[in-house]
Amino acid sequence: MVSRVIPVESFDLVIFGGTGDLARRKILPGLFRRFCAGQMPEDARILGAARAELDDEGYREFVRDAIVEFDGERPKTCPKLAEFLATLGYVTTDARGEAGWPDLAARLREGRVRAFYFSVGPGLFGDIAERLHRHGMAPRDSRIVVEKPFGRDLETARQLNATLAEHFKEDQIYRIDHYLGKETVQNLMAVRFGNMLFEPLWNSQYVDHIQITVAETVGVGGRGGYYDKSGAMRDMVQNHLMQLLCLIAMEPPAKFDPDAVRDEKLKVIRALEPVEPHHIVRGQYDASEEEGSYRDHAENPTSKTESFMALKTHVSNWRWAGTPIYLRTGKRMKARTSEIAVVFKDTPHSIFGPEAGQHRNVLSIRLQPNEGITLGVTIKEPGPGGMRLVDVPLDMTFADALGPEAEEVPDAYERLIMDVIRGNQTLFMRGDEVEAAWAWTDPIIQGWEARGDVPKLYDSGSSGPEDALMLMHRDGRKWREIKA
Ligand code: NAP
């Protein structure tokens with residue numbers, strides 16, 4: 001199967017925070033991969049901007065090192081590193097001062113798509129937006145890309161939206177949630193809306209429950225100070241898990257168009273029920289033999305911030321009333337995995353009798369590792385042992401089904417940056433979506449703060465606190481095993 005790479009238009013991309021961690025690990029190696037794939041045109045220009053004193057040559061060295069560190073195999077298979085580096089430049093720029101801005105403006109070209117990536121803390125968004133405008137660098141068709149966290153509650157998200165809106169229209173603002181750039185997430189939409197098979201079953205009449213798990217094996221590491229002010233609810237649930245929930249639960253949009261898709265997602269968020277306190281479980285990882293506890297890493301011995309979160313919610317509409325949705329995410333878990341599981345109901349009556357066994361169909365959408373979609377189907381166990389039923393997977397792992405090109409699917413950041421250049425906002429969050437997500441999240445956080453709830457300790461390398469298992473067991477259900 002031959003993959004079709006369609007080059008994007010020529011562009012000028014300015015990366016504010018071009019020397020930061022995100023630029024080094026994701027944005028720049030990702031752009032190099034798109035250059036190797038022939039999608040980024042050779043006359044495109046990427047300008048790094050930060051306060052560090054560097055010139056173009058110094059920045060090229062910096063980017064070369066980043067690519068070798070974070071995607072070291074690529075330069076061995078793609079001989080275009082020198083050509084890619086030639087597209088790069090750098091302007092020493094202070095987001096809060098005046099240094100660098102006239103130089104930056106002078107280096108932008110007319111007649112190219114123009115994009116500004118705000119790979120800096122949200123405290124600088126307003127300063128950068130205002131200066132882009134003042135220096136005449138942001139024509140009506142230019143775009144800005146902003147990173148998470150987009151606020152820490154409804155109030156701050158509103159303020160950020162208002163700040164950006166002073167200088168940019170909504171159709172110029174690309175709020176990144178890199179989960180939406182994952183191949184499987186888009187495949188989820190293809191599976192749902194490109195097949196007749198699933199849609200008739202996609203409702204509370206046939207679906208028992210939905211569970212979404214995003215488990216990480218790493219702890220908070222060097223980000224402890226930042227994370228301690230945030231926690232799993234703000235860092236993961238409000239954005240990533242919420243976006244996955246939306247794509248699973250939304251109605252079919254009339255067309256695959258940015259606003260049609262985002263209108264449907266917004267309706268899901270607005271239909272989410274408030275979460276009862278006894279449907280919320282928060283946890284903190286304990287020390288293991290090799291590593292310290294969450295509180296050690298956060299350097300806060302009395303921290304009440306959660307590194308694990310599980311909750312049960314409902315989407316109150318005709319399609320989903322009565323189908324609970326369970327969300328779970330945590331750090332220092334037993335395996336790194338992200339999975340959405342749609343668990344169908346039992347057959348209404350078993351003609352094979354109790355000894356044959358009963359298995360529920362589960363549609364599992366794995367985001368990592370081994371991106372792919374699996375449908376569990378019940379068949380007869382082979383052999384002469386009578387009618388015993390067994391659950392076997394119908395596996396749609398892309399690498400197997402689509403051949404070697406499928407292994408080369410662009411990573412989320414690459415795809416999303418190319419979408420910015422193409423001017424396609426479908427996989428980016430709209431301002432009202434973000435605000436609606438905070439409007440649902442805020443009372444949950446305010447509730448546990450008012451109650452003074454303390455997260456439960458859980459063992460590093462486990463599936464989270466015991467109470468999270470009970471959240472499901474009480475309903476006669478269980479979490480899917482967390483496995484790599
Ligand atoms: P970082 O490593 O601290 O980098 C910050 C960048 O901003 C540096 O290039 C820094 O360079 C520049 N900067 C700081 N103050 C500046 C100023 N006044 N004027 C111009 N440039 C300035 O942060 P990061 O991890 O790359 O994160 C960037 C953004 O992405 C944050 O909003 C973060 O929450 C978000 N994010 C990061 C990740 C990740 O994996 N790292 C993932 C998701 C979201 P100078 O100090 O030289 O100016």
Side-chain angles (χ1 to χ4, degrees), residues 13-31 46-55 58-59 61-63 65-66 69-71 88-104 116-132 134-135 137 144-152 156-157 160 163-164 173-182 214 216 218-232 234-241 243 329 331 336 368 411-414 416-417 420 428-429 434:
L13 170 68
V14 179
I15 307 174
F16 293 101
T19 57
D21 178 65
L22 182 67
R24 267 168 21 88
R25 284 196 305 115
K26 292 287 181 189
I27 303 172
L28 291 157
L31 284 162
I46 300 164
L47 291 170
R51 290 168 305 177
E53 296 283 347
L54 288 172
D55 58 12
Y59 191 56
E61 276 304 303
F62 171 88
V63 175
D65 291 348
E69 184 176 348
F70 294 105
D71 193 10
L88 295 167
Y90 182 86
V91 180
T92 302
T93 312
D94 184 354
R96 293 220 158 101
E98 297 314 313
W101 289 93
D103 282 358
L104 204 51
F116 303 98
Y117 201 127
F118 291 16
S119 184
V120 293
L124 295 179
F125 290 1
D127 295 294
I128 296 175
E130 187 271 320
R131 281 167 178 74
L132 285 175
R134 180 145 51 83
H135 290 273
M137 296 160 70
I144 61 170
V145 184
V146 295
E147 270 295 338
K148 82 167 203 184
F150 201 85
R152 55 173 284 106
T156 48
L160 265 184
T163 302
L164 295 178
I173 304 171
Y174 290 71
R175 294 176 194 79
I176 281 214
D177 185 319
H178 71 273
Y179 271 61
L180 292 180
K182 288 179 184 287
V214 177
E216 298 174 283
V218 293
V220 292
R223 290 173 70 223
Y226 157 79
Y227 190 92
D228 204 41
K229 296 189 196 75
S230 162
R234 289 190 170 97
D235 194 50
M236 297 296 292
V237 178
Q238 184 272 344
N239 39 52
H240 305 316
L241 278 83
Q243 289 296 319
T329 181
K331 295 196 177 288
R336 175 173 174 262
Q368 62 192 20
D411 109 327
Y413 273 95
E414 293 167 49
L416 292 173
I417 296 170
V420 173
F428 296 82
M429 294 179 294
V434 177

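Counting starts at 1 for both ligands and their atoms, following the listed order. One is the number of the first residue; the rest follow in order along the sequence.
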Q | ligand 1 atoms in contact with Asp94 (distance to a heavy atom under 4.0 Å) | A | 17 (C), 18 (N), 19 (N)
Q. Should His178 be listed as contacting ligand 1, given a heavy-atom distance under 4.0 Å as the test?
A. no
Q) What atoms of ligand 1 come within less than 4.0 Å of a heavy atom belonging to Pro149? A) 34 (O)
Q: Quick one: look up the protein heavy atom nearest atom 21 (N) of ligand 1 and list residue, atom name and how far away it is.
A: Ala50 CA, 3.6 Å
Q. Is the backbone N or O of Val214 less than 3.5 Å from a side-chain atom of Thr329, with the two atoms forming a donor-acceptor pair by type?
A. yes
Q: Only heavy atoms count here, so choose which of Thr93, Val120, Ile15, Asp235 is nearest to atom 32 (O) of ligand 1.
A: Val120
Q) Is the closest protein non-hydrogen atom to atom 34 (O) of ligand 1 under 4.0 Å? A) yes
Q: To the nearest 0.5 Å, tell me how far Phe150 CZ sits from Leu164 CG.
A: 5.0 Å
Q) Counting only heavy atoms, which portion of Lys26 has something under 4.0 Å from ligand 1: side chain, backbone, both, or neither? A) neither
Q. Which heavy atom in Leu47 sits nearest to a heavy atom in Leu104, and how many Å separate them?
A. CD1-CD1, 4.2 Å
Q: Return yes if some donor-acceptor pair links the side-chain N/O of Ser119 with the main-chain N/O of Tyr117 below 3.5 Å, else return no.
A: no
Q: Could you tell me whether the side chain of Gln243 and the main chain of His240 form a donor-acceptor pair under 3.5 Å?
A: no
Q) Is a side-chain N or O of Tyr59 found less than 3.5 angstrom from the main chain of Thr19, in a donor-acceptor match? A) no
Q. To which protein heavy atom is atom 19 (N) of ligand 1 closest, and what is the distance rounded to 0.1 Å?
A. Ala95 N, 2.8 Å
Q) If hydrogens are left out, which of Gly48, Ser119, Pro122, Ser230 has an atom nearest to atom 5 (C) of ligand 1, that is, the closest non-hydrogen atom? A) Ser119
Q) Which residue supplies the protein heavy atom nearest to atom 12 (C) of ligand 1, what is that atom called, and how far is it? A) Gly17 CA, 3.8 Å
Q: Under 4.0 Å from a heavy atom of Gly121: give me the atoms of ligand 1 that qualify, with their elements.
A: 32 (O)
(Q) Geometry only, no angles: is Ala49 polar-contacting ligand 1 at N/O separations under 3.5 Å? (A) no
**Q.** Residue of the set Phe116, Phe125, Phe428 for which side chain to side chain contact (heavy atoms under 4.5 Å, CB included) holds with Val146
**A.** Phe125
Q) Looking only at atom types and distance, does a side-chain atom of Tyr227 sit under 3.5 Å from a main-chain N or O of Ala232, one as donor and one as acceptor? A) yes
Q) Which bit of Arg51 is near ligand 1, meaning a heavy atom under 4.0 Å away: side chain, backbone, both or neither? A) both
Q: Report yes if some heavy atom in the side chain of Leu124 is under 4.5 Å from a heavy atom in the side chain of Phe16; otherwise report no.
A: no
**Q.** Ala52, Gly100, Ala23: member with heavy atom nearest to atom 47 (O) of ligand 1
**A.** Ala52
Q | atom 4 (O) of ligand 1 [closest protein heavy-atom partner, distance rounded to 0.1 Å] | A | Gly20 CA, 3.3 Å
Q: Return the option from Val146, Asp21, Leu22, Thr19 holding the heavy atom at the smallest distance from atom 1 (P) of ligand 1.
A: Asp21
(Q) Could you check whether any side-chain N or O of Arg25 sits under 3.5 Å from a backbone N or O of Gly20, counting only pairs where one atom can act as donor and the other as acceptor? (A) no
Q. For ligand 1, which atoms have a heavy atom of Glu147 less than 4.0 angstrom away?
A. 30 (O), 35 (C), 36 (N), 43 (C), 44 (C)
Q | N-O pairing of Asp235 and Lys148 below 4.0 Å | A | yes
Q.
With heavy-atom distances below 4.0 Å as the criterion, list the atoms of ligand 1 near Arg25.
A. 39 (C), 40 (O), 41 (N)
